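Chain naming here is simple, since letters A, B, ... match the order of the sequence lines and numbering starts at 1 in each. Remember, predicted model here, so these are calculated numbers, not experimental data.
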Amino acid sequence: MDQEAYVEAVLRVVESIPPGRVLSYGAIAEYVGQGGPRQVGAVMATYGGSVPWWRVVRADGRPPLCDTGEARAEYLREGTPLRGRLDDGLTRIDMAAALWSPASP
DNA sequence: CTCTTGACGCCGG
DNA sequence: TCCGGCGCCAAGA
């Protein structure tokens, strides 16, 4: 699998994530079956601008570090399952409820 | 060829 | 919860 195919595979998965749900970098890498979480992150850093990047989160339920606050607004708008207080800037995602599986929509 | 770096992940302390 | 360390894979210096 060449670079372009890998990038497309990753973007395809990210675009297929329904509103209100999320996937972790690791989960995406696992589903694509190539590379690791860091590779997915690298793809997102370059081409993430054209996909719903806020639906891609860390395995521990935190949004990407690069998030400047836009993600939190999206979660509120889409009704993504969150945990804890939302006004403390530490928006965490309820992984158990929000994690989505590409294979079983 | 080696070393550093990164939108990561897991295990302690 | 926060912090640090180590593993991980690929790209760039």
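Spacing between atom CE of A:Met95 and atom P of B:dC8 amounts to 13 Å, rounded to whole angstrom units. Look at CD on A:Glu4: it is 18 Å from C1' on C:dA10, rounded to the nearest Å. In this structure, A:Asp2 places its CG atom 12 Å from P of C:dA11, rounding to the nearest Å. Summarising the geometry, the separation between CG on A:Leu23 and C1' on B:dC8 is reported as 14 Å, rounded to the nearest angstrom. In this structure, the CG atom of A:Asp60 is 10 Å from the P atom of B:dC8, given to the nearest Å. Nucleotide C:dC8 holds its P atom 19 Å from the CZ atom of A:Arg58, rounded to whole Å.
Counting non-hydrogen atoms under 4.0 angstrom, A:Gln3 reaches the backbone sugars and phosphates but no base. Looking at heavy-atom distances under 4.0 Å, A:Ala42 makes no contact with the nucleic acid at all.
Contact check, A:Arg62 against B:dA7: no side-chain N or O comes under 4.0 Å of OP1 or OP2.
Comparing B:dG9, B:dG6, B:dA7 against the side chain of A:Gln39 picks out B:dG6 as the nearest. With distances taken from any side-chain atom of A:Met44 to the nucleotides B:dA7, C:dC2, B:dC8, the minimum falls on B:dA7. The side chain of A:Arg38 lies closest to C:dC9 when the candidates are B:dG9, B:dA7, C:dC9.
By the 4.0 Å N-to-carboxylate-O rule, A:Arg55 lies too far from A:Glu74 to be salt-bridged with it.
Heavy-atom minimum distance, A:Gly20 versus A:Thr80: CA-OG1, 3.5 Å.
Using a 4.5 Å cut-off on side-chain heavy atoms (C-beta onward), A:Trp100 and A:Pro18 make contact. For the pair A:Asp94 and A:Leu82, the minimum side-chain heavy-atom distance is 4.5 Å or more.
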